[in-house]
Every structure is written in C-alpha cells, then in structure tokens.
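Please read all numbers here as calculations on a predicted model, not as lab measurements.
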Amino acid sequence: MAEDFVIEMLHITKEFPGIKANDDITLQLRKGEVHALLGENGAGKSTLMSVLFGLYQPEAGKILKNGKEVAIRNPNDANALGIGMVHQHFKLVECFSVLDNIILGVEPNKMGFLQKAEARKKVMALSEKYGLRVDPDALISDISVGMQQRVEILKMLYRDNEILIFDEPTAVLTPQEIDELMEIMRGFKKEGKSILFITHKLNEIMAVADRCTVLRKGKYMGTVDIKDTTKEELSRMMVGRDVQLQVEKKPAHPGEVVLDVEGVTMHNSLHKKDSVKNVSFQVHGGEIVCLAGIEGNGQTEFVYGLTGLEKISSGKIVMDGQDITNATIRQRSKDGMSHIPEDRHKHGLVLDYSLENNIVLQRYWQPEFQNHGFIKQEAVREYSDKLIAQYDVRSGQGSSTIVRSMSGGNQQKAIIAREIDRDPKLLVAVQPTRGLDVGAIEYIHRQIVAERDKGKAVLLVSLELDEVMNLSDRILVMYEGEIVGEFDPKTTTVQELGLYMAGARKQGKENK
C-alpha cells in the first residue's frame with residue numbers, strides 16, 4: 001500500500017566532483033512517524049535531505065508526495081509542499097531579532113504594510129503550544145545556540161510545515177536541551193507531523209525514532225524498525241564493523257604539572273560582568289582533565305583566554321614552567337600548546353583554502369615547509385597526504401579539496417589530525433567529537449588517550465556527558481564562570497554531575 005507514505009524519495013543519485021554523495025538511495029517516510037537517517041560523516045545524509053529541501057538537484061531519481069511526483073527546484077517549492085528544514089549550521093541573520101528571523105520571507109502584510117503584531121501573536125502562540133520558549137525581541141547574536149535552534153524550529157512551524165527535517169539537531173545542545181527537543185518531537189508526532197531526523201547518536205534514535213534508514217558511503221544499507229534492533233546492530237550497519245562504544249584506557253599515571261592556571265578572571269564587556277571568576281586548577285602530564293558544564297557558563301571564554309584568542313583580565317597562566325599569560329597565539333603554539341577549537345568554521349579552518357594548506361596552517365613557516373619565504377609545495381602535499389590517510393579524512397579530491405566543500409565531520413577530523421600531529425605538551429580539546437559518528441569518535445578518543453599515555457597533558461572541554469565520563473581522569477564542573485566541584489569519573493554519576501552543572505549544588509572548601 002503506497003498511500004501511507006507522505007514522502008518517497010526513489011532511486012536518488014547526486015554527484016559532486018570526485019564523489020557520488022548519494023548512489024541510488026530510496027527513502028520512504030510515513031505520515032506521523034519519526035524516521036531517523038543514520039550514517040557516518042560524509043555518508044550522504046545531509047546531501048539527501050538537501051535534495052528533498054530543493055537545495056540540490058539530483059542527477060537521477062524522483063520524489064513523490066502523497067503518491068504524486070513533485071518537482072522541488074528550490075526551498076520555496078519545498079515550503080509550498082509543507083517541507084521545512086533545520087540545518088546543522090543554522091541559517092539565521094545575526095543582527096535581526098528572533099521575531100524578524102522567524103517571519104523572514106513570509107512577512108504578513110496588508111496593502112504592503114508589515115503586520116508585525118499579528119506575526120508576534122502567531123509566534124507566541126506556537127512557542128506556548130510546543131514549549132519553545134523564546135524572547136521575540138532578542139537579537140540572534142545575543143542568544144545561546146540552543147535558543148537559536150528553537151528559532152529555526154519556530155520558522156518551520158510558522159510556515160505550517162507538515163514534514164520537518166532536522167539535520168543533526170542535537171550536536172550543539174546540552175543534555176537538558178536534548179531531552180526537551182525529544183519531547184518536542186514526540187509532540188509533533190502526536191499532531192500528525194512527519195519528521196526526518198538526521199543523526200549519528202544511537203541512544204537518541206532508540207529514544208525517539210520509529211524507524212531508521214542507514215546510509216554508508218553514499219549507498220542505502222536498509223531500513224529497520226527501532227523496536228526490533230539494538231545500538232550495536234545499528235552501529236554495525238552504519239560503519240560496517242563492530243564498534244567499541246566504550247573507551248578502553250588504563251589508569252592514568254600523572255607526572256609533572258604542565259598547565260598551572262592561577263586565579264584567572266575574564267571580564268565580558270557586552271554583559272558588563274565577569275564571565276570567568278577566579279579560576280585555578282592544574283593539569284599534569286599523563287592525565288585528561290575535563291572542564292564540564294552547560295554551554296554558556298564561561299568555558300568558551302576561559303578557553304579563549306588560555307589559548308590567547310582573548311586577553312585575561314587578571315590571573316596567571318603557566319605552561320611547562322613558563323609564564324604565557326601575555327604570550328601571542330603563535331608563541332603559545334611554538335611552546336607546545338595545541339588547540340582543537342569549539343567553532344571549527346570560525347577558529348579552526350580557513351574554509352576557502354585547500355585541505356593541505358589548512359593542515360600546515362601552524363607550521364608553514366618551519367624549515368621543512370618553506371625555503372627563504374617560499375612554500376615547498378611537495379613537502380606540504382606529502383605531509384597532508386600522510387595525515388589524510390592516517391586519520392581517514394574523506395573528501396572529493398584529497399589534499400587539494402577546498403575545505404568548505406567537505407562534510408562537517410571530515411572538517412573536524414582534519415583539525416584533529418593537524419593539532420595532535422604537532423606533538424604538543426598540552427592538548428586543549430574543545431568539543432573534539434561534536435558532530436562525529438561512532439566510528440570517528442572511537443578513533444578520536446583513542447588518539448586522545450594515546451596522547452595522555454605518552455605523558456601529554458590534556459584539557460578536554462565537553463558538553464557530552466558520555467564523553468566526559470568515558471574519557472576523563474578528573475572532572476571539573478564549571479557553573480557561571482566558577483569551578484563548583486571536582487569529581488572522579490569512577491565514583492560520580494551523570495545525575496550528580498548534572499546537578500552541579502545546573503547550579504543546584506556546589507562543593508564547599510571543606511570538601512577539598
């Protein structure tokens with residue numbers, strides 16, 4: 001019976017230079033179901049959804065809505081068919097308000113005059129109904145990523161979309177926000193809306209999806225009912241082998257102090273308050289210390305101060321016995337600090353450079369890569385090819401690929417390869433596996449543990465509680481710019497960490 005499918009994508013093929021992103025893929029979405037789309041980084045999930053949303057035209061295949069073939073030439077066609085999409089990297093105008101972003105392109109008007117009061121009523125009613133609390137007058141540039149995502153969801157609802165595509169919606173959310181999003185999805189399903197949910201987080205699929213379609217390297221691997229499958233089976237379909245979902249590591253043997261942070265305070269001029277308040281801790285060689293916390297509690301600012309992206313207001317940072325409080329970014333890098341940044345587009349990569357040029361960004365001035373100011377192209381290419389093979393960075397044209405065209409997860413792998421291969425004394429890893437699939441996460445976690453076992457100091461900053469518990473030797477919880485507790489992952493629980501992260505508890509001085 002074909003009529004219970006609201007959307008059918010039949011035999012879709014989409015090619016880019018050097019790569020078949022979608023190779024004869026069929027996907028059928030039932031009315032009122034949550035349908036997960038699972039696959040490794042670069043498996044073709046986002047590409048397939050971009051075809052459905054009209055951002056790409058396929059070379060072959062057809063799309064049916066309620067059994068009738070439709071042509072989707074652009075996102076306006078998709079909207080007219082009731083298809084909406086929340087993208088992995090949000091499409092919002094930073095200097096506009098929340099309300100203006102939601103109604104952009106479908107502004108209500110009478111005789112050419114903007115009817116904003118009506119729009120506001122509708123937006124507030126939707127936000128009430130679905131539990132998507134937002135401040136309609138706040139500027140996008142001033143709100144957290146979790147809030148920005150709500151704005152993207154309200155954009156779809158405001159347009160009365162019935163088919164909702166979520167592309168990696170939880171990559172930027174805290175554990176509490178993820179639970180809220182799952183509730184929202186269940187609410188949509190009750191309303192009879194149909195959801196396509198791109199992800200590679202297996203426990204989320206198990207929690208919220210009805211069915212799951214798996215892609216591997218651009219090919220269709222099958223569709224399964226969630227009630228009849230397991231996480232292990234899904235990861236096997238996705239990666240093609242058994243994956244270790246737990247990190248294997250021996251006990252840590254901490255050595256000398258590599259990083260010593262004393263009383264670091266950072267002032268936020270925008271909000272006229274201190275975003276980091278008198279933070280002190282140490283990281284020894286041979287241990288992984290994790291700074292855990294809900295987004296927006298000063299971790300980002302602290303990392304900016306530590307890595308030299310911003311000046312600290314007071315305090316002292318000593319690395320390997322040297323005072324680097326006022327050192328430049330390049331000086332810190334030369335002294336042995338590597339940084340995997342939180343925002344790979346803003347601070348990790350030059351998107352319009354080739355992959356090889358991104359890989360030597362911090363080393364191009366070293367003798368092995370330059371001669372009298374001229375870059376030795378062969379040496380750069382050889383080094384880049386070596387890292388690409390070692391870290392399984394997938395791209396259409398290898399070292400010469402323009403980084404902007406690569407999938408988010410492969411951009412991330414390129415940064416990690418570059419930073420770890422520099423043989424640092426201190427590795428500062430911020431959200432190192434954000435947006436990566438289980439196979440890649442397993443590999444990155446192994447690399448980080450291997451650095452620790454070589455005696456390197458690792459400072460991990462992560463919102464993923466599984467990662468925090470699995471990877472760290474010590475956990476420091478940060479809340480509103482302060483360190484409110486120190487924990488041993490072997491003796492604490494996710495629930496206990498959650499309470500400290502939400503500010504419900506704080507360790508007193510007597511606990512130390």
Side-chain angles (χ1 to χ4, degrees), residues 41 87-90 144-149 167-178 181 199-201 203-204 247 275-276 283 288-307 309-310 337-349 351 358 391 393 403 406-420 424 426-449 451-452 458-472 475-479 489 494 497-498 501:
N41 302 116
H87 301 265
Q88 188 176 3
H89 296 286
F90 303 147
S144 72
V145 260
M147 278 294 164
Q148 292 180 21
Q149 187 177 55
D167 186 359
E168 298 282 349
T170 61
V172 292
L173 300 185
T174 66
Q176 286 80 353
E177 287 172 331
I178 291 174
L181 181 67
T199 182
H200 35 230
K201 294 189 182 170
N203 32 1
E204 288 169 12
V247 179
S275 47
V276 178
V283 185
I288 298 171
V289 173
C290 178
L291 210 48
I294 293 174
E295 184 130 17
N297 277 282
Q299 314 89 310
T300 299
E301 290 83 351
F302 174 76
V303 169
Y304 284 2
L306 175 63
T307 55
L309 284 165
E310 282 181 14
M337 181 187 291
S338 270
H339 177 205
I340 297 166
E342 174 175 25
D343 186 331
R344 51 179 171 246
H345 287 175
K346 209 186 268 175
H347 298 127
L349 298 162
L351 291 173
N358 271 287
Y391 284 79
V393 182
V403 168
M406 290 162 50
S407 77
N410 283 299
Q411 292 174 350
Q412 186 72 5
K413 285 194 209 166
I415 294 173
I416 286 170
R418 173 183 77 203
E419 297 303 323
I420 288 183
L426 170 69
L427 175 63
V428 181
V430 189
Q431 303 282 21
T433 57
R434 175 181 274 182
L436 294 181
D437 58 70
V438 282
I441 289 174
E442 172 194 45
Y443 181 76
I444 300 307
H445 282 172
R446 275 201 201 133
Q447 298 301 316
I448 291 175
V449 170
E451 287 302 290
R452 178 202 80 163
V458 181
L459 178 64
L460 171 72
V461 181
S462 177
L463 300 174
E464 298 279 347
L465 282 180
D466 291 351
E467 178 165 79
V468 172
M469 294 294 276
N470 250 320
L471 207 53
S472 343
I475 300 168
L476 304 172
V477 172
M478 205 165 182
Y479 174 70
V494 168
L497 285 180
M501 286 165 75

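- For Ile441, the side chain to side chain contact (heavy atoms under 4.5 Å, CB included) criterion is met by Thr433, Leu436, His445, not counting sequence neighbours.
- Here CD1 of Ile415 is found 4.0 Å from CG of Leu349. Values are rounded to the nearest 0.5 Å.
- Listed by chain and number, the residues in a side chain to side chain donor-acceptor pair (under 3.5 Å) with His347 amount to none (sequence neighbours excluded).
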Test log, rule side chain to side chain contact (heavy atoms under 4.5 Å, CB included), inputs Ile448 and Val458
CA-CA 8 Å; Ile448 291 175; Val458 181; 3.9 Å; yes
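- Qualifying side chain to side chain contact (heavy atoms under 4.5 Å, CB included) partners for Ser462, counting only residues two or more places apart in sequence or in other chains: Gln431, Leu460, Glu464, Glu467, Val468.
- The side chain to side chain contact (heavy atoms under 4.5 Å, CB included) check on Asp466 picks up Asn203, with sequence neighbours excluded.
- For Glu419 (side chain) and Ile340 (main-chain N/O), no donor-acceptor pair under 3.5 Å exists by modelled atom type.
- Between Leu309 and His339, the closest heavy-atom pair is CD1-CE1, 4.0 Å.
- In this view, Arg452 and Asp473 satisfy the salt bridge (charged side-chain N to carboxylate O under 4.0 Å, His left out) rule, not counting sequence neighbours.
- Pairing each heavy atom of Val276 with each of Gly298, the nearest pair is CG2-O, 3.5 Å.
- Shortest non-hydrogen contact noted between Val247 and Val449 is CG1-CG2, 4.0 Å.
- Within the model, atoms CG of Leu497 and CD1 of Ile475 stand 5.0 Å from one another, a figure rounded to the nearest 0.5 Å.
- With sequence neighbours left out, the salt bridge (charged side-chain N to carboxylate O under 4.0 Å, His left out) criterion links Glu451 to Lys454, Lys456.
- Proximity of a side-chain donor or acceptor of Gln299 to a complementary backbone N or O of Asn297 within less than 3.5 Å is detected.
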Which is it for Phe302 and Met478 under the side chain to side chain contact (heavy atoms under 4.5 Å, CB included) test, yes or no, and what are the steps along the way?
CA-CA 10 Å; Phe302 174 76; Met478 205 165 182; 4.2 Å; yes
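- A donor-acceptor contact shorter than 3.5 Å is absent between the side chain of Glu310 and the backbone of Glu301.
- With sequence neighbours excluded, the residues forming a side chain to side chain donor-acceptor pair (under 3.5 Å) with Asn410 are Ser407, listed by chain and number.
- Across all their heavy atoms, Ile444 and Pro432 have their closest contact at CG2-CB, 4.5 Å.
- Looking only at distances, a side-chain donor or acceptor of Arg418 sits under 3.5 Å from a matching main-chain atom of Asn358.
- Across every non-hydrogen atom of Met337 and Leu306, the tightest pair is CE-O, 3.4 Å.
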After noting the C-alpha distance and the side-chain angles of Glu168 and His87, does the key distance pass the side chain to side chain donor-acceptor pair (under 3.5 Å) rule?
CA-CA 8 Å; Glu168 298 282 349; His87 301 265; over 6 Å; no
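- Heavy-atom minimum distance, Met406 versus Val393: CE-CG1, 3.8 Å.
- Glu204 is linked by a side chain to side chain donor-acceptor pair (under 3.5 Å) to Thr170, counting only residues two or more places apart in sequence or in another chain.
- Taken from CG in Leu476 to SG in Cys290, the straight-line distance is 8.0 Å, to the nearest 0.5 Å.
- Tyr443 meets the side chain to side chain donor-acceptor pair (under 3.5 Å) test with Gln447; sequence neighbours excluded.
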